Each structure stands twice: as structure tokens, then as C-alpha cells.
Trainee: 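Mind having a look at this structure? Questions to follow.
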There are 2 protein chains.
Amino acid sequence: MKKLLLDNQLCFPLYALSRQVTALYRPLLERLELTYPQYLVMLLLWETDNRFVGEIGDRLLLDSGTLTPLLKRLEQKQLVTRKRNPADERQVTIQLTEAGQALKNQAVDIPTQLQEGLNLDDKQIINLRIQLVTLLNQLTKTDTVN
Amino acid sequence: MKKLLLDNQLCFPLYALSRQVTALYRPLLERLELTYPQYLVMLLLWETDNRFVGEIGDRLLLDSGTLTPLLKRLEQKQLVTRKRNPADERQVTIQLTEAGQALKNQAVDIPTQLQEGLNLDDKQIINLRIQLVTLLNQLTKTDTVN
DNA sequence: TACAATTAGATTGTGCACAATATACTAACT
DNA sequence: AGTTAGTATATTGTGCACAATCTAATTGTA
């Protein structure tokens, strides 16, 4: 097999599919005025509020150079607040505002709507997800199950 | 299943894994002084040289807003040339320079090196790639219908 | 207590992605 | 020929990603 061919590498389908799936989210997220990475942060906060920046970064595998400006934009939209932790002033707690919590109601339908766009049944999606998560865990060596 | 949980969405593992795999390429590509998207363009040109910007974009699913500056950086590095097509001045032909062609020799080992970093055997990789390519084709096919 | 080492987050700079728009060119039609 | 529509690429602006560096706060150790 000629390994230098684009079609024979794992990397390209992964990279291209990731962008295509993000593009599927775009029209759905536009209504909430969220970008895709912002949506991921909100998903995390809807699960468990009041997280430190570092916790969000650990979970999403993003560093402060990405998260700090992103969180400032969410703060500008009045979806979250950013407060230094009095017990340790190095840490910044991110907390949902009322508007941020309320936005969850507008987001609940997104996973179902997206799945329709994918044209795959549950079984296929779960199977693919398991493979992706397995490989992801292998690379990060961290089992991030709640 | 609670669909709004991060772990239950297809999107996040796909997005995170794509970034992690790109990160695996980074140290390998650093030696060639290429970024990952630049590497993808070079892969295409090593397969078939003298492509129009539009052809590259069709293949990588990238638009001119991404490709134009990227190709200019490759031109600055003297890896490619950019020339307007005399037969149709709207088109720009991208051609490898000698240095650009020669770089292929330094790149041939990258797929093998990457695979070692992934710690997966051939069968697993091929299986995952087939699923990704299948889904990718489904999505891009429905795009062209629109 | 002093102070080096560590930690959390912010800042800076480069390079994608992509929407929206602009520009130059070509083709098609009257 | 002149107008109009369509096409290919370029430009502009916003928002990630991520490396490198900085600052301030905390911890470890003598």
C-alpha cells in the first residue's frame, strides 16, 4: 500500500469528517448564537456548573490560550460569569448565568436534529463513537468518564 | 440516553481525536517545517502536480479563504509556485518546485512513524478509516445534492 | 522566614477555518 | 457589441488552536 496517498491515511478522513460534522452543527447552533467549541463548553457546564478553567480544559483537551478568549466571549454574551476563587486566587470559576442555564432548553433538540442530518442509525453511531473514544483514551491515557 | 451529555455525542470524540492525531503529526512535520494542512496540500501535489486552487479545495474540502494564504506561505517557503492559467485567467495553477518535490523524500516515513504513535494494528486502522470515509462520503454527497 | 519551584491563568504571535464580500474574468444571451 | 449571469480566486473579519512566554499566587523545603 502506498502510504503517502491521501486516501490511505487515517488522518485526512478524521480531519475532514470532523470539519464536516462541525458544519452540520453550524446552522443549529446559529440560532443559539454559539460556535461549536462554545457549545462544547456549555454542554460541560450544563452537566456540572462552577468549573475552573483548568477543569474545562482537561475535559475538552484545550489550553488557556484557547479557553480564555472563548470564555470571555461567553461572558460578554452574559451566558457565564468569571470569578477568581477566593481560596486560591490563581483559579477562575466559570458559572452559568440564568440566561446560560435557560439556553439549555433551546439546545435539547440539537443532538436529535444532528443525528437526522447524519443519516445513520443509533447502532452505527454508537459503534463509531466507541472506536473514537477508545482511541482517544489511548492517546490521552485518561479515562474521562464522569 | 441523555443526549446532551458530552460523552454521548458523536461530535466531541471526533473533534477531540482529530486534534489529538494532528498533535501526533506535529513533531514529525516540524522537521519539514510544515503544518498539518500544509502537509495535506503537499500530499495532494505529490500525487498529482499542477492543480488549480479549486481542485485542491474540492479534494480537501477547504475554500479559498483558507487555501489562498496557506498556498502563499508554501510559495514563500519556495515549495510551490502560483501562476494564473493563461487559458482562463480566473484559475491559478499550483506547481511544486524542485524543493517541493524533493521534500517528498523526507516525508515518506511519516505515515509509518505516526502509526507507531497510534499503537493500533493495521486492521484496526483500516476498519476505522473505512467507517470514517463512508460517513464522509455520505455527507459530501448530500452536500452536492443541495 | 526566606526563597526556589510549581501551578493557574493570561498574553502574544502564527496559522488555520469559514462566512461574507469583492474583483477579475468568462460565457451566454439578446 | 452590450448586458447579464456565473465562475475562480482574493480579501476581510471573527473565532478558534496551540506554542511560547509572562505574571501572580501558592507550595515545599530548609
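Scope of the values below: all heavy atoms of this structure, side chains included, with no hydrogens, waters or symmetry mates. Reminder, nothing fancy here: chain letters follow the sequence lines and each chain counts from 1. Everything numeric here is computed off the predicted structure, so don't read it as measured data.
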Trainee: How long is the line joining CZ of Arg51(B) and P of dT9(D), in whole Å?
Mentor: 13 Å
Trainee: Just compare dA19(C), dC16(C), dT9(D) and give me whichever is closest to any side-chain atom of Arg84(B).
Mentor: dT9(D)
Trainee: Have a look at Gly65(A) and say if it touches a base, only the backbone sugar-phosphate, or nothing, with a 4.0 Å heavy-atom cut-off.
Mentor: base
Trainee: To the nearest Å, how far apart are Lys83(B) NZ and dA10(D) C1'?
Mentor: 20 Å
Trainee: Between dA17(D), dA17(C), dT9(D), which nucleotide gets closest to the side-chain atoms of Leu62(A)?
Mentor: dA17(D)
Trainee: For Arg73(B) and dT14(C), is the shortest distance between a side-chain N/O and OP1 or OP2 below 4.0 Å?
Mentor: no
Trainee: Out of the candidates Ile110(A), Leu28(A), Leu103(A), only one should pair with Leu34(A) under the side chain to side chain contact (heavy atoms under 4.5 Å, CB included) rule; please name it.
Mentor: Leu103(A)
Trainee: Find the distance Ile94(B):CD1 to dT9(D):C1' and express it as a whole number of Å.
Mentor: 10 Å
Trainee: Return the minimal non-hydrogen interatomic distance between Arg59(A) and Glu47(A), and the atom names on each side.
Mentor: NH1-OE1, 4.0 Å
Trainee: Is it true that, when you exclude Glu89(B) itself, more than 12 heavy atoms of the residues, nucleotides or ligands shown sit nearer than 6.0 Å to its CD?
Mentor: yes
Trainee: With DNA chain C as reference, determine whether Arg82(A) or Asp88(B) sits nearer its 5' end, using the nearest nucleotide of each.
Mentor: Arg82(A)
Trainee: Closest-nucleotide mapping onto DNA chain D: is Leu71(B) or Tyr36(A) further toward the 5' terminus? I mean the 5' end.
Mentor: Leu71(B)
Trainee: Side chain of Lys72(A) only, heavy atoms from C-beta on: which candidate in dA10(D), dA17(D), dT11(C) is closest?
Mentor: dT11(C)
Trainee: Where the side chain of Thr66(A) is concerned, which of dG9(C), dC18(D), dA10(D) is the nearest nucleotide?
Mentor: dC18(D)
Trainee: Would you mind reading off the distance between Lys77(B) atom NZ and dG15(C) atom P, rounded to a whole angstrom?
Mentor: 7 Å
Trainee: Remember a base hit wins even if backbone is also touched, and classify Leu70(A) as base, sugar-phosphate or nothing at under 4.0 Å, heavy atoms.
Mentor: sugar-phosphate
Trainee: So what does Thr35(A) touch, heavy atoms closer than 4.0 Å: a base, only the sugar-phosphate, or nothing?
Mentor: sugar-phosphate
Trainee: Would you mind reading off the distance between Glu55(A) atom CD and dG9(C) atom C1', rounded to a whole angstrom?
Mentor: 14 Å
Trainee: For the side chain of Arg26(B), starting at C-beta, report the closest nucleotide among dA10(C), dC18(D), dC18(C).
Mentor: dC18(D)
Trainee: Which heavy atom of Glu33(A) sits nearest to which heavy atom of Lys77(A), and what is that distance?
Mentor: O-NZ, 2.7 Å
Trainee: When you get a sec, tell me which of dA10(C), dC16(D), dC18(C) is the closest nucleotide to the side chain of Gln38(A)?
Mentor: dC16(D)
Trainee: Report yes if a donor N or O on one partner sits less than 3.5 Å from an acceptor N or O on the other, where the partners are the side chain of Ser64(B) and the base of dA10(D); otherwise report no.
Mentor: yes
Trainee: Measuring from the side chain of Tyr15(B) (C-beta onward, heavy atoms only), which nucleotide among dG9(C), dT26(D), dA17(D) has the closest atom?
Mentor: dA17(D)
Trainee: Rounded to whole Å, how long is the line connecting atom CD1 of Ile56(A) with atom C1' of dG9(C)?
Mentor: 12 Å
Trainee: dT7(D), dG15(C), dA10(D): which one has an atom nearest the side-chain heavy atoms of Arg90(B)?
Mentor: dT7(D)
Trainee: If you count heavy atoms of other groups shown closer than 6.0 angstrom to CD of Gln95(B), is the number above 12?
Mentor: yes
Trainee: Contact class for Phe52(A) vs. all strands (heavy atom < 4.0 Å): base, sugar-phosphate, or nothing?
Mentor: sugar-phosphate
Trainee: In whole angstrom, what separates Arg19(A)'s CZ from dA17(D)'s C1'?
Mentor: 14 Å
Trainee: Do side-chain atoms of Asp109(A) reach the backbone of Thr112(A) as a donor and acceptor pair under 3.5 angstrom?
Mentor: no
Trainee: Taking atom C1' of dT11(D) as reference, at what distance in whole Å does atom CG of Asp63(B) sit?
Mentor: 12 Å
Trainee: Judged by each residue's nearest nucleotide on DNA chain C, which is more toward the 5′ side, Glu30(A) or Thr68(A)?
Mentor: Thr68(A)
